[in-house]
Q: 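Please find one structure pasted underneath; my questions will follow.
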Amino acid sequence: MTLPTALLGATGLNITRVGFGAWAIGGAEHAFGWGAQDDDESVAAIRHAVEHGVNWIDTAAVYGRGHSEQVVARALTDFSADDRPYVFTKCGMVWDAEATSLPVMVGAPESIRREVDGSLRRLKIDRIDLYQLHWPPKDGTPIEDSVATLHELRAEGKIRLVGVSNFNVELLERAAHAGGVDVLQPPFSAIRRTVATDVLPYCAKHNIGVIVYSPMQSGLLTGAWTAQRSADLPADDWRRGSADFTGEALHSNLALADILRTVAKRHDTTVAAVAVAWTLAFDGVSAAIVGARRPTQVDGWITAAGLTLTADDLDDIELGIDRLGVGAGPSRLTG
């Protein structure tokens, strides 16, 4: 199966407009876990996505404290170096040996160097295609030093592209003084829209590739979520403590999913595909990371790669967002 692709900023890399997000497959044994997860199902989901045309996978060292990267490696065992999908991962969230506390956001050069070696070992690859600083560091390290270290790793052949995640425009400007970044990964969905105000236009202007994460808002915009599912979340699923999954916010978010359902019926597709396609309609967005824990979930969103929403679709979604007062940020294209 062939999926539509887009150039990732100025990198020359063509990536499918949807990629496999490997956060949830890290399992439950970490502060941001999604509950128990079967590794065999995770492997099947990754392979299913790749067999259906997805050409990149996004993971992070902190997902399952390295476990997600190990599962990705297992899923790619049968692919040659030339045939495997691109592998993107992240650094900068460091956990203690017993994982008894929340990860610390670290940007120190020596820490990044330890982390890249750990990721290469777990992923069983010679070079990481996109290496991203997961969050702005909180250990006192200047952004410029962290980004400069990533450029050194590229010069050494350990990574191909330099990326950051969760950066605002001010931090991107500072990163530019240390060689700049090839790719930004921000959160973006019909519920969480603030980056459309300034970050997406900035990246479009400076030809920085953008791969957005959580376009289905961690399951809320899949069309399958219900208030009962929120109530039944296990204690080891981070969403149980999220305001989006409780109270009035949950009610409004599910009402927005119903509006997306109306749009989905017009295109004979899924709510999940519409949610993802909405993010891809914004100027500056190269592609979207979409998570899955089993192959059937991949089937629910993969058609987003080729789904173009009409002006009427976008009007209806905009009106729904505004009427419901869901989230924050622009509810329509800004570019």
Side-chain angles (χ1 to χ4, degrees), residues 8-11 13 21-23 26 29-32 56-74 76 81 84-168 171-186 208-209 211 213 289:
L8 186 57
T11 68
L13 206 67
W23 179 6
E29 298 300 318
H30 63 120
F32 306 105
W56 56 282
I57 298 168
D58 181 85
T59 183
V62 75
Y63 299 159
R65 306 192 308 278
H67 187 65
S68 176
E69 290 182 329
Q70 292 170 330
V71 173
V72 169
R74 178 182 159 195
L76 300 184
R84 70 161 174 81
Y86 300 121
V87 176
F88 305 162
T89 192
K90 311 177 195 75
C91 63
M93 293 188 74
V94 178
W95 60 91
D96 62 23
E98 291 77 28
T100 55
S101 60
L102 292 174
V104 179
M105 298 171 189
V106 177
E110 60 272 19
S111 178
I112 291 174
R113 287 186 168 278
R114 283 194 300 270
E115 289 186 74
V116 75
D117 289 339
S119 288
L120 287 167
R121 182 177 63 254
R122 288 186 294 268
L123 289 164
K124 298 181 179 180
I125 56 179
D126 296 325
R127 183 179 65 169
I128 294 164
D129 295 300
L130 169 63
Y131 200 48
Q132 304 155 100
L133 186 64
H134 206 150
W135 283 89
K138 292 186 177 180
D139 63 340
T141 302
I143 289 297
E144 294 83 353
D145 291 355
S146 301
V147 172
T149 302
L150 295 179
H151 281 279
E152 291 170 5
L153 294 177
R154 172 156 62 185
E156 295 164 16
K158 292 187 175 183
I159 69 174
R160 180 175 183 174
L161 301 174
V162 171
V164 293
S165 185
N166 301 296
F167 270 38
N168 59 23
L171 292 176
L172 289 170
E173 291 276 16
R174 288 178 56 188
H177 295 298
V181 300
D182 300 305
V183 180
L184 171 69
Q185 182 181 143
I208 296 171
I211 53 174
Y213 74 82
I289 303 164

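None of these values were measured; they are calculated from a predicted model.
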Q: Of the options Leu13, Leu130, Ile289, which is the one that meets Trp56 in a side-chain contact (heavy atoms from CB on, under 4.5 Å)?
A: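 With Trp56 as partner, Leu13, Leu130, Ile289 yield a single side-chain contact (heavy atoms from CB on, under 4.5 Å), made by Ile289.
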Q: Evaluate Lys158 against Tyr131 for side-chain contact (heavy atoms from CB on, under 4.5 Å), listing each step before the verdict.
A: CA-CA 9 Å; Lys158 292 187 175 183; Tyr131 200 48; over 6 Å; no
Q: Going by the side-chain contact (heavy atoms from CB on, under 4.5 Å) test, name the single residue among Val147, Val164, Ile143 that passes it with Leu172.
A: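 The side-chain contact (heavy atoms from CB on, under 4.5 Å) with Leu172 is passed solely by Val164 among Val147, Val164, Ile143.
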Q: What closest approach, in Å, do Pro137 and Gly107 show between heavy atoms, and which atom pair accounts for it?
A: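 Nearest heavy atoms, Pro137 then Gly107: CB-N, 3.4 Å.
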Q: Check Ser111 against Val94 and note the closest heavy-atom contact, atom names and distance.
A: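 Where Ser111 meets Val94 most closely, the heavy atoms are OG-CG2, 3.7 Å.
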Q: Starting at OG1 of Thr89, measure out to CZ of Arg122 and round the result to the nearest 0.5 Å.
A: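 The distance works out to 7.5 Å.
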Q: How far apart are the closest heavy atoms of Ser68 and Ala22, and which atoms are they?
A: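 Looking at all heavy atoms of both residues, the shortest contact is OG-O, 2.7 Å.
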Q: Looking at Lys90 and Thr59, would you say the former's side chain and the latter's main chain have a donor-acceptor pair under 3.5 Å?
A: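 It does hold such a pair.
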Q: At their closest point, which heavy atom of Leu150 faces which heavy atom of Ile159, and how far apart are they?
A: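 It is O-CD1, 3.3 Å.
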Q: So how far is it from Tyr213 OH to Asn166 CG, rounded to the nearest 0.5 Å?
A: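 Here the interatomic distance stands at 3.5 Å.
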Q: How many angstroms lie between atom CG of Asp58 and atom CD of Gln185, to the nearest 0.5 angstrom?
A: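 Going from CG on Asp58 over to CD on Gln185, the span is 4.5 Å.
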Q: With a 4.5 Å heavy-atom cut-off, do Arg174 and Leu171 have their side chains touching?
A: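 Contact flag for Arg174/Leu171 side chains = yes.
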Q: Quick one: pull up CD1 in Ile208 and CG in Leu8 and give me the separation to the nearest 0.5 Å.
A: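 Ile208 atom CD1 to Leu8 atom CG measures 11.0 Å (nearest 0.5 Å).
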Q: Are the side chains of Arg154 and Leu161 in touch, meaning some heavy atoms are under 4.5 Å apart?
A: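 With C-beta onward as the side chain, the pair touches.
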Q: Would Val116 and Cys91 count as a side-chain contact (heavy atoms from CB on, under 4.5 Å) if you check the C-alpha gap in whole Å, the side-chain angles of each, and the deciding distance to 0.1 Å?
A: CA-CA 7 Å; Val116 75; Cys91 63; over 6 Å; no
Q: Does the plane of the ring in Tyr63 sit parallel, tilted or perpendicular to the ring in His134? Use 30° and 60° as the thresholds.
A: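 Tyr63 and His134: perpendicular rings.
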Q: With the side chain counted from C-beta on, respond yes when Val87 and Leu76 share a heavy-atom pair under 4.5 Å apart, and no when they do not.
A: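 Side chain of Val87 against side chain of Leu76, heavy atoms only: contact under 4.5 Å found.
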Q: Give the minimum heavy-atom separation between Arg127 and Arg84, together with the two atoms involved.
A: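 Distance-wise, the nearest heavy atoms are O-NH2, 3.5 Å.
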Q: Is there a donor-acceptor pair closer than 3.5 Å between any side-chain N or O of Asp182 and the backbone N or O of Val162?
A: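 Yes; at least one donor-acceptor contact below 3.5 Å.
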Q: Side chain of Asp129, backbone of Phe88: donor and acceptor closer than 3.5 Å?
A: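 Absent.
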Q: Tell me, with the steps shown, if Lys138 and Val104 meet side-chain contact (heavy atoms from CB on, under 4.5 Å).
A: CA-CA 8 Å; Lys138 292 186 177 180; Val104 179; 6.0 Å; no
Q: I need the Ser119 OG to Glu69 CD distance, nearest 0.5 Å.
A: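 The CD atom of Glu69 is 3.5 Å from OG of Ser119, to the nearest 0.5 Å.
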Q: Do Thr141 and Val106 make a side-chain contact, defined as non-hydrogen atoms from C-beta onward lying under 4.5 Å apart?
A: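 Answer no - side chains too far apart.
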Q: Quick one, Val181 and Gln132 - any side-chain contact, counting heavy atoms below 4.5 Å?
A: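 No, side chains not in contact.
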Q: Starting at CZ of Phe167, measure out to CD of Glu173 and round the result to the nearest 0.5 Å.
A: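 Rounded to the nearest 0.5 Å, the CZ-CD separation comes out at 12.5 Å.
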Q: Looking at Glu115 and Gly92, what are the two nearest heavy atoms and their distance?
A: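 That closest heavy-atom pairing would be OE1-N, 3.0 Å.
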